[in-house]
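Heads up, the thing below is written out as structure tokens.
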There are 4 protein chains.
Amino acid sequence: MLNRVVLVGRLVKDPDLRYTQSGKAVANFTIAVNKPFTNQNGEREADFINCVIWNKPAENLANYMSKGQMIGVDGNLQTRSYDGQDGKRVFVTEVLAGSVQFLESKKNNKQEAVDYPSTAPQTQSEPIDISDDDLPF
Amino acid sequence: MLNRVVLVGRLVKDPDLRYTQSGKAVANFTIAVNKPFTNQNGEREADFINCVIWNKPAENLANYMSKGQMIGVDGNLQTRSYDGQDGKRVFVTEVLAGSVQFLESKKNNKQEAVDYPSTAPQTQSEPIDISDDDLPF
Amino acid sequence: MLNRVVLVGRLVKDPDLRYTQSGKAVANFTIAVNKPFTNQNGEREADFINCVIWNKPAENLANYMSKGQMIGVDGNLQTRSYDGQDGKRVFVTEVLAGSVQFLESKKNNKQEAVDYPSTAPQTQSEPIDISDDDLPF
Amino acid sequence: MLNRVVLVGRLVKDPDLRYTQSGKAVANFTIAVNKPFTNQNGEREADFINCVIWNKPAENLANYMSKGQMIGVDGNLQTRSYDGQDGKRVFVTEVLAGSVQFLESKKNNKQEAVDYPSTAPQTQSEPIDISDDDLPF
DNA sequence: TTTT
DNA sequence: TTTT
């Protein structure tokens, strides 16, 4: 089956880098992708898309990119669910980034080695032990 | 900015066709896209991705495709929010399909005229007047 | 059927804008997309991908973008053939751009209105009357 | 940089499987992807897109798929050149498939394990020692 | 609950 | 026949 997403947009806030108990890096980030037209009031709207990236690229992202910067994302859509604070199941649809491209970087010019192949299968091979209370959704 | 999604998966249930007050057709549908690997228990998992399509292609989808059939989707990610029944804002990430391809059809062999160009801007040009209580999320 | 291409790369030369006899604008351009790894000699290689865009976006491209600038392309692959100068048929595979995003612009900050829907069907509805001798391939 | 291609189409002929001198499998194949509209004579046209795939998936492709079958391809565009029989340099643009999905299979129902990550970097890490005279272009 |  |  096919599952492919490509986005270019701006970071809505700084990436949120964490580590699993086994030491893997994960970064959550949200990008604003402007819609290609204006709405009925002449305003440009955006979609705000949640993304995740794992391992070394997660650390690079947190090191070199910050709120407002433009970024490219190549990955796939994933859905997952967790128990919300009110006991109800919460369903999440987000982009699992295999690679990101730093289209601007205030901090440093190190360009992320873009890595088509990496739409990280390892994500799944190890339980994520960040507790749900910490998840940004 | 760029916002592109391509999926191939199977309809998890029959498409849900509705009409806005102004008479536009909208179909909501969910597809299961198998992950390309098995989990730690050797099971194949899937992502369950919500999609929307507008106008004539929505009617064609409802007419020719049903639960279990394989479908291709070309579109873009959109996010929106509505007030949930508990008064809390619910955020939705879904795929706005510009075109769909019927990769199997139990009903009829009419192949959807696949339509790269149609990632429907008109979606936004008119308020959607289906009430939130009817939305399948 | 599905046919989708998304690229981010740099213009290898200035876009080449022409007009058909009926007055439609067409721009041909080539972008270098660096490969995500270095070769056996430690060098970064690139793919050099030929693209075409029609109508107003072709004129915008020629007006605002030039050699070396970074550009995003959303489109589809097309193949065509013509008789080469030696009488042999030449086959061309290129990207028909539906929309482009100006990720840098030396000339002006006018951001191309990115237009998912436009993977230009009109391309085909009218014969292209630029003579083959003028084609950049 | 970003370089992503997704296609669904039909094999125009049986895949052509070969081995490099070092024993790696490579399969070349061409798919016809119908255009989403008919031309001025009411005929449906297609694009004929050359693709390559490496290693085990190349062997699976050759084993399970044949002329006329529908296939999905996820990969990236690559360009390369070689010296043609008339001494002139020939430029090739083709899709390097990272994964393929067998959407039909006359031979066997074994579904290719779809493998987002595999847009094969190894392709480049070893010289291809099939002589140019054998190349299908 | 948002970016330029 | 190539970009940074």
Side-chain angles (χ1 to χ4, degrees), chain A residues 7-16 28-36 38 43-51 65-73 92 94 101-106 109-114 136-137, chain B residues 1-3 78-84 88-93, chain C residues 7-16 28-36 38 43-51 65-73 94 101-106 109-114 136-137, chain D residues 1-3 77-84 88-93:
Chain A
L7 304 170
V8 171
R10 287 182 186 281
L11 287 171
V12 145
K13 50 183 179 309
D14 290 352
D16 182 24
N28 290 281
F29 60 102
T30 301
I31 67 175
V33 183
N34 293 330
K35 291 178 188 283
T38 51
E43 301 153 345
R44 166 131 282 137
E45 293 177 337
D47 293 296
F48 296 91
I49 300 170
N50 293 320
C51 306
M65 294 289 284
S66 54
K67 180 174 171 176
Q69 315 264 94
M70 191 165 278
I71 188 172
V73 174
V92 172
E94 69 199 347
Q101 182 185 23
F102 304 164
L103 296 170
E104 283 176 9
S105 184
K106 278 170 197 142
N109 210 13
K110 181 177 178 300
Q111 194 67 11
E112 165 70 341
V114 189
F137 308 105
Chain B
M1 297 185 141
L2 287 169
N3 182 340
Q78 73 178 8
T79 54
R80 56 186 176 81
S81 59
Y82 61 93
D83 293 311
K88 295 210 314 200
R89 199 115 264 256
V90 180
F91 293 88
V92 173
T93 298
Chain C
L7 304 170
V8 171
R10 287 183 186 280
L11 287 170
V12 146
K13 50 183 182 304
D14 289 352
D16 182 24
N28 290 281
F29 59 103
T30 301
I31 67 175
V33 183
N34 293 329
K35 291 178 187 284
T38 51
E43 302 153 344
R44 167 131 281 137
E45 294 178 336
D47 293 295
F48 296 92
I49 301 170
N50 294 320
C51 305
M65 294 289 283
S66 53
K67 181 175 169 175
Q69 317 264 95
M70 190 165 279
I71 188 173
V73 174
E94 69 198 349
Q101 182 186 21
F102 303 164
L103 296 170
E104 282 176 9
S105 184
K106 280 173 196 138
N109 209 14
K110 180 174 180 302
Q111 193 66 13
E112 165 71 340
V114 189
F137 309 106
Chain D
M1 297 186 141
L2 287 168
N3 183 340
L77 271 173
Q78 73 179 7
T79 54
R80 55 186 178 82
S81 59
Y82 61 92
D83 292 311
K88 295 208 314 198
R89 199 114 263 259
V90 180
F91 292 88
V92 172
T93 298

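We name chains A, B, ... by the order of the sequence lines, and we start the count at 1 in each one.
- Here the P atom of nucleotide dT4(F) and the CG atom of Leu11(C) are 10 Å apart, to the nearest Å.
- The CZ atom of Arg44(C) lies 6.5 Å from the OG1 atom of Thr38(C); values are rounded to the nearest 0.5 Å.
- You'll find that the side chain of Lys67(C) is closest to dT3(F), out of dT3(E), dT2(E), dT3(F).
- Residue Leu103(A) contributes atom CG, which lies 19 Å from atom P of dT3(E) at whole-angstrom precision.
- For Arg10(A), the side-chain atoms get nearest to dT4(E) when compared with the rest of dT4(E), dT2(E), dT2(F).
- Of the candidate nucleotides dT2(E), dT4(E), dT3(F), dT3(F) has the atom nearest to the side chain of Ala32(C).
- For the pair Ile49(A) CD1 and dT4(E) P, the interatomic distance rounds to 17 Å; values are reported in whole Å.
- Applying the side chain to side chain contact (heavy atoms under 4.5 Å, CB included) rule to Thr93(B) yields the partners Thr93(A), Leu77(B), Thr79(B); only residues at least two apart in sequence or on another chain are considered.
- The side chain of Asn34(A) lies closest to dT3(E), out of dT2(F), dT3(F), dT3(E).
- The distance from atom CG of Leu77(D) to atom P of dT3(F) is 19 Å, rounded to the nearest whole Å.
- Ion pairing of Asp83(D) with Lys88(D) is absent here, as no side-chain N (NZ or NE/NH1/NH2) approaches a carboxylate O to less than 4.0 Å.
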Item to check | Chi angles and distances behind the side-chain contact (heavy atoms from CB on, under 4.5 Å) call for Leu11(C), Ile31(C) | outcome: CA-CA 4 Å; Leu11(C) 287 170; Ile31(C) 67 175; 3.9 Å; yes
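- For Lys13(A), the side-chain atoms get nearest to dT2(E) when compared with the rest of dT2(E), dT3(E), dT3(F).
- Atom C1' of nucleotide dT3(E) and atom CD of Glu104(A) are separated by 11 Å, given to the nearest angstrom.
- Between the C1' atom of dT4(E) and the CD atom of Glu43(A) lies a distance of 15 Å, rounded to the nearest Å.
- Following rounding to the nearest Å, Ile71(C) (CD1) and dT2(F) (P) show an atom-to-atom distance of 21 Å.
- When rounded to the nearest whole Å, the span between CD of Glu94(C) and P of dT2(F) equals 21 Å.
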